[in-house]
S.K.: 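Dropping the structure in here first, questions after.
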Protein chains: 2
Amino acid sequence: MILSESIEDYLKAIYALKKEVGKVVTTQLAERLEVKPASVTGMVRKLADMKLVTYKPYQGVALTKAGQKVALEVIRHHRLLELYLNEIMGLPWDKVHQEAEKLEHAISEELEDRIDQLLGHPTTDPHGSPIPSKAGKVNNSSSKKLSEMKRGEKAKIAEVRDEDSELLRYVGELGLFPGKSFEVVNVAPYKGPMTLKIKSKKIIVGREAAKQILVNKISAWN
Amino acid sequence: MILSESIEDYLKAIYALKKEVGKVVTTQLAERLEVKPASVTGMVRKLADMKLVTYKPYQGVALTKAGQKVALEVIRHHRLLELYLNEIMGLPWDKVHQEAEKLEHAISEELEDRIDQLLGHPTTDPHGSPIPSKAGKVNNSSSKKLSEMKRGEKAKIAEVRDEDSELLRYVGELGLFPGKSFEVVNVAPYKGPMTLKIKSKKIIVGREAAKQILVNKISAWN
DNA sequence: GATATTATTTAGGTAAACCTAAATAATATG
DNA sequence: CATATTATTTAGGTTTACCTAAATAATATC
Ligand SMILES: [Mn+2]
Ligand SMILES: [Mn+2]
Ligand SMILES: [Mn+2]
Ligand SMILES: [Mn+2]
């Protein structure tokens, strides 16, 4: 099965939107892929012909088993590449997404396997997103947004949106990397900044940025 | 300047053919790129419009300064990638060409620079081909074919054709890597095999394979 | 030097992945 | 519930990079 770069990107976007908003509609897909809605309609019909998605006009799109398999393969490429570029090659974590976006379509299955091996079969990328296994299993931690946390709650950074380079630089400077534990010591009103404590060091993060950060709560009785 | 993958491959092929046979004609370009001659005519006209080549119908194509610059940039990507894949990632030397053929169009200039740095600014790829510098300088050693050597002559392996995986596996098993010194101890008649001596070890290589191997003669008075 | 062969170009088409503008369907509002 | 707004689709183009078939130019052969 030789699929075009565009097709791979559509399937990936459908997978992501499904995860993020539940339903996948034309306009949102168009916005994410930076094409016009009319183009999405055309492509989605084609994907339906290829049995990669199911599609009912005005109702939305959903991946079939086959479509999901392709999406997960591309996502696996993407996240393995991000981790390799960051960890082994030393590229900053705000640069790797863009690079991986192109490379994900270019690497062979053999190179994918080699990268996986060199990284020791990792399960998360530099931004905390799970790397699907070769077989297509994904660890989907049910995490919540940092922005929704209350004063006094403790949590661990799970995942940071990886598309926005500026956000990543900001968050990186604050030291908010996946895996870091912290406590919310203050939440300013009027959508104001949050103050966090990481190992007795206080840091302040804007509420907008906090919306882009997913965390796993640490239960009080731990 | 954003050039398509096809355009980059045309320019690279024109560069290579110029080097190999001196003149670049439609049919050969078509054969190398695995497209029909009519398609080459079309693309070459387009490249001429873009001032990347000069073209006279029925006469042949030649790269302009701008065209050569692009060709050398793509070749630099290709060869740096081959070396990285082989040396750092441990891919066998008969696999790296195919992989680099796709990746060369996908990596950013920043990643190119990082690879160059991690490799210590290398000057040749795993098959012995020179890596053009960032500025576009290429070391073109004037080497001859192994197949044309006579009994008793000494030389060093310079370069092995990199497109044919089977050839590379064969040559690799014989230990004929770029840099290896040897002496021709016998040349069988009727286009028969050649016997070489590398550090007192004798190896036999077919004449067809020997045509694909370039060497630098070691002068007798050395 | 006429004729056959080979190389190349021209003309007209196709497929993929976009686009714009207009039509239609779904949803929201007074 | 009639009308306005928004979402989506349809229809008809465009661009890129191919293709085939036919025409033409260059070269080789008798
Ligand atoms: Mn992509
Ligand atoms: Mn990521
Ligand atoms: Mn190569
Ligand atoms: Mn290529």
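Throughout, protein chains are lettered first and strands after them, A, B, ... in sequence-line order, and every chain is numbered starting at 1.
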S.K.: With a non-hydrogen cut-off below 4.0 angstrom, is B/Ser6 in contact with a base, only sugar-phosphate, or nothing?
M.R.: sugar-phosphate

S.K.: Verify the contact: side-chain N or O of B/Ser4 to OP1 or OP2 of D/dA17, cut-off strictly under 4.0 Å; return yes or no.
M.R.: yes

S.K.: What is the separation between atom CG on B/Asp9 and atom C1' on D/dA17, rounded to the nearest whole Å?
M.R.: 12 Å

S.K.: Just how far, in rounded Å, is P of D/dA17 from NE2 of B/His105?
M.R.: 12 Å

S.K.: Considering residues at least two apart in sequence or located in another chain, which fulfil the side-chain hydrogen bond (donor to acceptor under 3.5 Å, both in side chains) criterion with B/Asp162?
M.R.: B/His97

S.K.: Scan B/Thr26 against the nucleic acid and name what it touches under 4.0 Å (heavy atoms): base, sugar-phosphate only, or nothing.
M.R.: sugar-phosphate

S.K.: With both distances under 3.5 Å as the test, what is the Watson-Crick or G-U wobble partner of D/dA23?
M.R.: C/dT8

S.K.: Counting the atoms with a prime plus P, OP1 and OP2 as sugar-phosphate, which does A/Val25 contact under 4.0 Å by heavy atoms, base, sugar-phosphate, or nothing?
M.R.: sugar-phosphate

S.K.: Please state how far atom CG in A/Leu3 lies from atom P in C/dA15, giving the value in whole angstrom units.
M.R.: 18 Å

S.K.: Could you tell me the separation between the CG atom of A/Leu47 and the P atom of C/dA16, rounded to a whole number of Å?
M.R.: 12 Å

S.K.: Among C/dT10, D/dC18, D/dT10, which nucleotide sits nearest the side chain of B/Met43?
M.R.: D/dC18

S.K.: Can you name the side-chain hydrogen bond (donor to acceptor under 3.5 Å, both in side chains) partners of A/Tyr84, sequence neighbours left out?
M.R.: B/Tyr84

S.K.: Heavy-atom nearest nucleotide on DNA chain C for B/Gln28 versus A/Gln59: which residue maps closer to 5'?
M.R.: B/Gln28

S.K.: D/dC18 phosphate, OP1 or OP2: any side-chain N/O from B/Tyr10 under 4.0 angstrom?
M.R.: yes

S.K.: Who pairs with A/Asp113 by salt bridge (charged side-chain N to carboxylate O under 4.0 Å, His left out), at least two apart in sequence or on another chain?
M.R.: A/Lys134

S.K.: Taking atom C1' of D/dT15 as reference, at what distance in whole Å does atom CE of B/Met50 sit?
M.R.: 13 Å

S.K.: Run the salt-bridge test on A/Arg207 and A/Glu148 with the 4.0 Å N-O cut-off and return the result as yes or no.
M.R.: no

S.K.: Please produce a list of atom pairs where a protein N or O lies less than 3.5 Å from an N or O of nucleotides 19-25 of chain C.
M.R.:
from, atom 1, to, atom 2, distance (Å)
C/dC19, OP2, A/Lys36, N, 2.8
C/dC19, OP2, A/Ser39, OG, 2.6
C/dA25, O4', A/Tyr58, OH, 3.3

S.K.: If the condition is salt bridge (charged side-chain N to carboxylate O under 4.0 Å, His left out), which residues does A/Arg76 pass it with, not counting sequence neighbours?
M.R.: A/Glu112, A/Asp116

S.K.: Does the side chain of A/Val35 reach to within under 4.5 Å of the side chain of A/Met43, using non-hydrogen atoms?
M.R.: no

S.K.: Please report, rounded to the nearest Å, how far the C1' atom of C/dA16 is from the CZ atom of A/Arg45.
M.R.: 17 Å

S.K.: Which whole-number value in Å describes the distance from A/Lys46 NZ to C/dA15 P?
M.R.: 11 Å

S.K.: Can you list every pair that meets side-chain hydrogen bond (donor to acceptor under 3.5 Å, both in side chains) and has a residue in residues 58-75 of chain A, with sequence neighbours left out?
M.R.: none

S.K.: For B/Ile2 and D/dT15, what is the distance between atoms CD1 and P respectively, to the nearest whole Å?
M.R.: 16 Å

